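Below is one structure, written out as structure tokens; comments come after it.
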2 protein chains.
Amino acid sequence: MTSKQEFIEKLRNSSLRPTKQRINICEVLFNRDKTFHFTINDLFNLIKDRTADKVSLATVYNTVHAFHKKGYLKEIPINSNQTYFDTNVTDHHHFFDVKEEKLIDLKNEDVGPIEIQKSIPGKKIKSVEVLVKLED
Amino acid sequence: MTSKQEFIEKLRNSSLRPTKQRINICEVLFNRDKTFHFTINDLFNLIKDRTADKVSLATVYNTVHAFHKKGYLKEIPINSNQTYFDTNVTDHHHFFDVKEEKLIDLKNEDVGPIEIQKSIPGKKIKSVEVLVKLED
DNA sequence: TTCGTTGTTTATAATTATTCTAAAGAAGAT
DNA sequence: ATCTTCTTTAGAATAATTATAAACAACGAA
Ligand SMILES: [Mn+2]
Ligand SMILES: [Mn+2]
Ligand SMILES: [Zn+2]
Ligand SMILES: [Zn+2]
């Protein structure tokens, strides 16, 4: 449980002004035990439910991108028409439940180390991530 | 090198009528040595260059989806605004050159076997694919 | 071959996610 | 309080994709 005050500090430390919209979004995103996977629309709806204060869709886009740029959110490439975001910003692996369209984090030890045996001249590896698709 | 006649048969066997548009697209997609990674727009432009016959964008979309449904093309989830397709329809791993926005196939032996240690009740694994992002 | 059926192509409109714009509003500094 | 800069917002714009419906082409049966 992170307090409003801590979010304000976090925002200030990131040179992002602590507006009530941003604090609201922080509370939805970061006051959680588990990793949260979401689309912009998911988030927009959660915020609408949460409080009477309405936050515009444009602000949700702006804020998510600001947080992404600061490294507080990760973008996840999934076959879909919508972009997914993830509050777990470390390099990590996923289950993707194809039917439910839901992401589930895998711990590194659930997958084990992966050694890439091939290299491309002039390029280096930035990340290695596994996507495990699940069906019924 | 596959002949026009063979594409016609392939289409017939798939209950797709061998129209000149579809044959044209087959020739662009499948007359290749190596795996081909492309977006709809890439393909549309290649076809424009190739012959005087113009194929409409709608037909390119229709045909790619028809081929995808028949299992002749694979969709690749990459962070981007455009969907990528792949003529290599097996489960396989990729390099993604982030700067060039280009996909490169990895052979299974370039990565090695991956054992997933976690399971979700009622779900089984459909595929396991690795995405290795490359930077300069 | 002609005809009727069904599948296909195409131009165009519609949809959807996302980004842009520009004006009004809020935060921070002085 | 005032000024500056950043932020929010409604609404317009963009871009990828999908839907529509009319013209057209492939096919099989007569
Ligand atoms: Mn995750
Ligand atoms: Mn590939
Ligand atoms: Zn972003
Ligand atoms: Zn498809």
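In what follows, chains are A, B, ... by sequence order, proteins preceding strands, each numbered from 1. As the structure is a prediction and not an experimental result, all values here were calculated from the model. Atom set for the values below is all heavy atoms of this structure, side chains included, hydrogens, waters and symmetry mates excluded.
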Residue set satisfying side chain to side chain donor-acceptor pair (under 3.5 Å) with A:Thr83, at least two apart, ordered chain then number -> none
Rounded to whole Å, the OH-C1' distance (B:Tyr61 to C:dT16) equals 12 Å
Once you round it to whole Å, what is the distance between P of C:dT19 and NE2 of A:His68?
11 Å
Can you list everything that forms a ring-ring contact (aromatic ring centres under 6.0 Å, His included) with B:Phe36? Sequence neighbours excluded, please.
B:Phe38
Less than 4.5 Å apart, side chain to side chain, heavy atoms only: is that true for B:Ile76 and B:Phe96?
no
Working note: B:Phe67 + B:Leu11, criterion side chain to side chain contact (heavy atoms under 4.5 Å, CB included); need CA distance, chi angles, decisive distance, verdict.
CA-CA 9 Å; B:Phe67 288 179; B:Leu11 287 166; 3.7 Å; yes
Give one of base, sugar-phosphate or nothing for B:Thr19, where a contact means two heavy atoms less than 4.0 Å apart.
sugar-phosphate
All pairs passing salt bridge (charged side-chain N to carboxylate O under 4.0 Å, His left out) where residues 12-41 of chain A contributes a residue, at least two apart:
A:Glu27-A:Arg50
B:His65 NE2 to C:dG7 P, straight-line distance once rounded to whole Å:
20 Å
For the pair made of CG in B:Leu57 and P in C:dA11, what is the distance, rounded to whole Å?
10 Å
Would you kindly say whether A:His94 and A:Asp86 are connected by a side-chain donor-acceptor distance under 3.5 Å?
yes
Does a salt bridge link A:Lys4 with A:Glu9, judged by any charged N lying under 4.0 Å from a carboxylate O?
no
Contact list for DNA chain C against residues 20-30 of chain B - heavy-atom distance below 4.0 Å
B:Gln21, B:Arg22
Table of protein N/O atoms under 3.5 Å from nucleotides 28-30 of chain C N/O atoms:
from	atom 1	to	atom 2	distance (Å)
C:dG28	OP1	A:Arg12	NE	3.1
C:dG28	OP1	A:Arg12	NH2	3.2

Of B:Asn62 and A:Ser56, the one whose nearest nucleotide on DNA chain D sits closer to the 5' end is A:Ser56
Have A:Thr59 and A:Asn62 got a donor and an acceptor in their side chains that come within less than 3.5 Å?
no
Closer than 3.5 angstrom, by distance alone: can the side chain of B:Asn31 be matched with the main-chain N or O of B:Val28 as a donor-acceptor pair?
no
Which nucleotide span of DNA chain D, 5' end to 3' end, has atoms closer than 4.0 Å to non-hydrogen atoms of chain A?
D:dT5 to D:dA10
Test item: A:His92 side-chain N/O and A:Thr90 main-chain N/O as donor-acceptor pair under 3.5 Å:
yes
Taking atom C1' of C:dG7 as reference, at what distance in whole Å does atom NZ of B:Lys69 sit?
14 Å
Under 4.0 Å, counting only non-hydrogen atoms across every strand here, what does A:Asn41 touch: a base, just sugar-phosphate, or nothing?
nothing
With a 4.0 Å cut-off, would you call A:Lys124 and B:Asp136 a salt bridge?
no
To the nearest Å, give me how far apart CD1 (A:Ile8) and P (C:dA27) are.
10 Å
